[in-house]
Amino acid sequence: MRLKFSKMHGLGNDFVMLDGISQRLKLSPEKIRQLADRHTGVGCDQVLVVESPRTPDADFRYRIYNADGGEVENCGNGARCFARFVRERRLTGKKQLLVETAAGMLQLNLLDDDRVSVDMGAPVLEPQQIPFAADIRAETYPLEVDGEVFTISAVSMGNPHAVLLVDDVDAAPVEELGPKVEHHQRFPQRVNVGFLQIESRARARLRVFERGVGETRACGTGACAAMVVARLRDLVDDSLEIQLPGGILTIHWSGPGQPVTMTGPATTVYHGQIVL
Ligand SMILES: N[C@H](CCC[C@H](N)C(=O)O)C(=O)O
């Protein structure tokens with residue numbers, strides 16, 4: 001199968017973007033893993049597929065696959081790159097897009113300063129909807145890992161996130177603790193793991209060990225989850241600049257039941273073809 005693709009990234013969280021409208025795609029988990037492989041394929045954190053919408057008021061549908069081949073519900077950096085991709089491929093002339101994802105509808109806005117703003121929807125905090133094994137909803141939960149108890153918060157942005165507060169992200173045990181929390185039995189669908197350092201009520205630093213990928217240079221849904229957790233604990237105000245290893249995302253959230261808005265760049269690196 002010969003596939004045309006675009007290689008893109010959002011602050012270094014990189015993607016293989018596929019137009020599933022102009023070309024018929026049959027992508028098994030094995031083919032996704034092959035595409036994502038940084039030695040034998042194109043190499044990326046996630047593979048994103050553009051499809052025609054299934055509901056009348058949506059402009060497109062977009063599907064997200066982690067490098068391990070698993071399909072997931074949401075991808076914030078990917079949503080920004082998606083908006084740039086469909087414009088550059090002339091699949092639309094619009095600057096405001098309504099897009100179906102497995103997590104629900106996303107509103108994407110291409111801004112004049114070349115960034116993309118995404119209404120990521122409202123966070124979900126009920127444990128069983130995250131999903132996370134807990135009797136009642138709380139701001140924080142004790143999580144035992146190898147006999148040590150860590151304090152986490154749990155939230156869904158359509159995809160599950162655990163957030164831990166740390167004093168210094170550079171010294172955070174991302175590689176060692178990340179996979180153990182990702183695969184913790186209290187997260188039946190595994191989980192993305194954020195390490196969050198609050199610098200002020202308007203600035204924070206974040207590293208994310210992503211479900212199905214490992215540590216990425218940025219994670220949009222992770223930044224949204226971190227904002228929600230910090231805001232609920234009254235550590236930040238409604239607008240937060242989050243510094244990730246790959247760069248800065250601006251997140252706005254005015255409180256429970258309200259949507260989280262994420263704004264940042266989306267970059268096209270090159271276009272290519274691959275034979276799978
Ligand atoms: N990098 C993506 C998150 C992908 C989440 C994926 N790792 C999952 O399993 O939910 C983002 O910018 O939101």
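In each ligand, atom 1 is the first atom listed, and ligand 1 is the first ligand listed.
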Exercise. Which heavy atom in Val181 sits nearest to a heavy atom in Ala162, and how many Å separate them?
Worked result: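 So the two residues come closest at CG1-CB, 4.1 Å.
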Run the salt-bridge test on [X] and [Y] with the 4.0 Å N-O cut-off and return the result as yes or no.
X      : Y     : result
Asp114 : Arg84 : yes
Asp19  : Lys4  : no
Asp45  : Arg38 : yes

For this session: Test side chain to side chain contact (heavy atoms under 4.5 Å, CB included) on Asn74 and Met120 and set out the steps.
Result: CA-CA 9 Å; Asn74 205 357; Met120 297 289 287; 3.7 Å; yes
For this session: Enumerate the protein residues lying less than 4.0 Å from ligand 1, judged by heavy-atom distances, in chain and residue-number order.
Result: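 Answer by chain and number: Asn13, Gln46, Asn66, Val72, Asn74, Cys75, Gly76, Asn77, Asn159, Asn192, Glu210, Arg211, Cys219, Gly220, Thr221.
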Exercise. Hey, would you say the Phe60 and Phe82 ring centroids sit under 6.0 Å apart?
Worked result: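 Yes; Phe82 has its ring centre under 6.0 Å from that of Phe60.
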